[in-house]
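Notes to accompany the following structure.
Residue numbers run from 1 in the order of the sequence given. Values below: every heavy atom of this structure, side chains too, minus hydrogens, waters and symmetry copies. These numbers were taken from a predicted model, which means no experiment stands behind them.
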Amino acid sequence: MSQKVVVAGVGMIPFKKPGQSDTYPVMGAQAVRLALADAGVGYESIQQAYASYIFGDSTAGQRVLYDVGMTGIPVINVHNNCASGSSALFLANQAIASGMVDVALAFGFEQMNPGALGDMYTDRPSPLGPFQQQCASVVPEEVAPALRLFGVAAQEHMKRFGTPLESFAKIRAKASRHAVNNPFAVFRNVVTTEEVMADKVMWPGVMTRLMACPPTCGAAAVVLCSEAYAKKHGLDSRVWIAGQALTTDGPETFNSGDLRHLAGFGMSRAAANKVYEQAGIGADDVDVVELHDCFAQNELLTYEALGLCPEGGAAKFIDDGDNTYGGKYVVNPSGGLLSKGHPIGATGLAQCTELVQQLRGQADKRQVEGPRIALQHNVGIGGAAVVTMYRT
């Protein structure tokens, strides 16, 4: 029998540009302490911890926690590309739902360097080699590795459905308007659709610089517990996890000829469908969404993968304003990865933090009106997709 899992506490620190942040142990410990304080529990109550990061040596999670407390609990380090934070959350949720523990901590951090991402170890095969091979014939050589994969996925959508480049620019402009009200966002300046279109071209006809998220430093943490534990100890049990799924790539990624799958379209759709089935709630009932907009192109693809709009209907969805305040959904009220920033290990946990604050009515000037159901999407190429539904 599965236990009901409550999000008892959340915490994050302001995100910053590389070179302007504290070191990862300082950032991580700050976020953990904030989540513990929000939950109203001491570190001695935590029974398991799951640490998320991708730029750092082994056991960096322990290094962070040893500055918070040394209680001898299991600490597991999670390394799942950009979905690492939500993968840590998935494991903590499983541990509690199964009855293995009553209280668990998921936390993530990243101390990043400037510039485009690439392989850390160039003396061995890249995990993303098969992905890069799939798009090699249609991508200019000078295009950065991550941009290649999301760029070819966007090209596929443009070719299939006639999606204009301006749709991606509108997404980036929307992100900037939302981030103005988020004091934790790294970029809080408003940019217009026209400014996004006129920015430096990264790939002609496919992407400008402002359509890509920046390398970012930061940390976030989440305390989960069973509903029974929350009631026994008087913890906040308003927000709980109604459904969650972690998926990896299926055969369509390399065999279908549909390049959207190189950016995780198929595994994101599969994860969303599993969550809707678990929760008994469909996309139409969702109020607020935090999704993985590492590129504006991926936000558009994800609208359709999550079923927020019909396949091929994303451009109209954007034009109708159904992705922002006053529309059908508010997508990325935090400003998303595009404006809030993307400290990779912390991203999924920062998304959770935003949605919990929205459902509690604690989001201040970016508060969505009366939300009851929230949906989170976090994807990592190579691959992992995590979708989580929260309810009050």
Side-chain angles (χ1 to χ4, degrees), residues 3 5-16 21-80 83-112 120 184 216-237 241 343-353 356:
Q3 295 194 91
V5 179
V6 167
V7 185
V10 294
M12 63 180 289
I13 63 172
F15 291 173
K16 297 185 179 181
S21 74
D22 289 319
T23 61
Y24 79 86
V26 173
M27 292 189 292
Q30 286 175 339
V32 168
R33 292 189 186 102
L34 288 168
L36 292 170
D38 186 54
V41 299
Y43 181 66
E44 67 280 358
S45 298
I46 302 298
Q47 296 167 320
Q48 286 187 3
Y50 298 86
S52 160
Y53 63 95
I54 70 170
F55 294 108
D57 290 324
S58 186
T59 68
Q62 283 91 327
R63 175 64 185 85
V64 169
L65 287 182
Y66 288 175
D67 285 348
V68 180
M70 299 180 71
T71 58
I73 62 168
V75 179
I76 297 97
N77 293 282
V78 182
H79 192 148
N80 232 5
S84 294
S86 289
S87 297
L89 189 70
F90 177 85
L91 293 171
N93 181 36
Q94 274 196 334
I96 295 168
S98 68
M100 184 181 298
V101 299
D102 294 314
V103 192
L105 171 70
F107 65 106
F109 49 87
E110 215 70 77
Q111 185 178 336
M112 295 185 71
M120 295 293 291
F184 292 86
T216 317
C217 301
V222 175
V223 175
L224 301 182
C225 71
S226 66
E227 183 182 40
Y229 184 93
K231 288 182 177 179
K232 180 179 179 180
H233 296 275
L235 308 186
D236 191 333
S237 60
I241 296 176
I344 295 175
T347 288
L349 298 155
Q351 291 177 321
C352 174
T353 297
V356 169

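Side-chain contact between Val222 and Val7: present, with at least one pair of heavy atoms (C-beta onward) separated by less than 4.5 Å. Within the 4.5 Å cutoff, no side-chain heavy atoms of Val223 are placed close to those of Leu235.
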From CA spacing to verdict: side-chain contact (heavy atoms from CB on, under 4.5 Å), Met12, Leu349: CA-CA 8 Å; Met12 63 180 289; Leu349 298 155; over 6 Å; no

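Smallest separation of non-hydrogen atoms from Tyr50 and Ala95: OH-CB, 3.8 Å. In plain terms, the two heavy atoms of Gln62 and Val75 that are nearest each other are NE2-O, 3.6 Å. Across every non-hydrogen atom of Gly348 and Ser86, the tightest pair is CA-OG, 3.5 Å. Scanning all heavy atoms of the two residues, the minimum distance from Ala230 to Ser237 falls at CB-CB, 4.0 Å. Nearest heavy atoms, Val64 versus Ala29: CG1-N, 3.4 Å. When all heavy atoms of Ala49 and Leu65 are compared, the closest pair comes out as CB-CD1, 3.6 Å.
Under the 30°/60° scheme for interplanar angles, the aromatic rings of Tyr24 and Phe109 are found to lie parallel.
The side-chain contact (heavy atoms from CB on, under 4.5 Å) search around Gln94 returns Phe90, Leu91, not counting sequence neighbours. Partners of Ser21 according to the side-chain hydrogen bond (donor to acceptor under 3.5 Å, both in side chains) rule, which considers only residues two or more places apart in sequence or in another chain, do not exist here. Residues forming a side-chain contact (heavy atoms from CB on, under 4.5 Å) with Ser84 (at least two apart in sequence, or on another chain): Ser52, Ile54, Asn80. With sequence neighbours left out, the side-chain hydrogen bond (donor to acceptor under 3.5 Å, both in side chains) criterion links Glu110 to no other residue. Residues satisfying the side-chain contact (heavy atoms from CB on, under 4.5 Å) test with Pro14, not counting sequence neighbours, are Phe184. Every side-chain hydrogen bond (donor to acceptor under 3.5 Å, both in side chains) that Thr347 has, sequence neighbours left out, goes to His342. Looking at residues two or more places apart in sequence or on another chain, you find no side-chain hydrogen bond (donor to acceptor under 3.5 Å, both in side chains) involving Gln47. Lys231 meets the salt bridge (charged side-chain N to carboxylate O under 4.0 Å, His left out) test with Glu227; sequence neighbours excluded.
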Distance-only check: which donor-acceptor pairs under 3.5 Å involve side-chain atoms of residues 99-108, not counting sequence neighbours?
none

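Rounded to the nearest 0.5 Å, atoms CG (Leu224) and SG (Cys352) are 7.0 Å apart.
Each salt bridge (charged side-chain N to carboxylate O under 4.0 Å, His left out) pair with one or both residues in residues 65-77, not counting sequence neighbours, appears once here: Arg63-Asp67. Note on residues 48-60: no pairs pass salt bridge (charged side-chain N to carboxylate O under 4.0 Å, His left out), not counting sequence neighbours. Residue pairs meeting the side-chain hydrogen bond (donor to acceptor under 3.5 Å, both in side chains) criterion with at least one partner in residues 33-46, sequence neighbours excluded, are Asp38-Arg360.
A donor-acceptor pair under 3.5 Å is formed between the side chain of Gln3 and the backbone N or O of Ile96.
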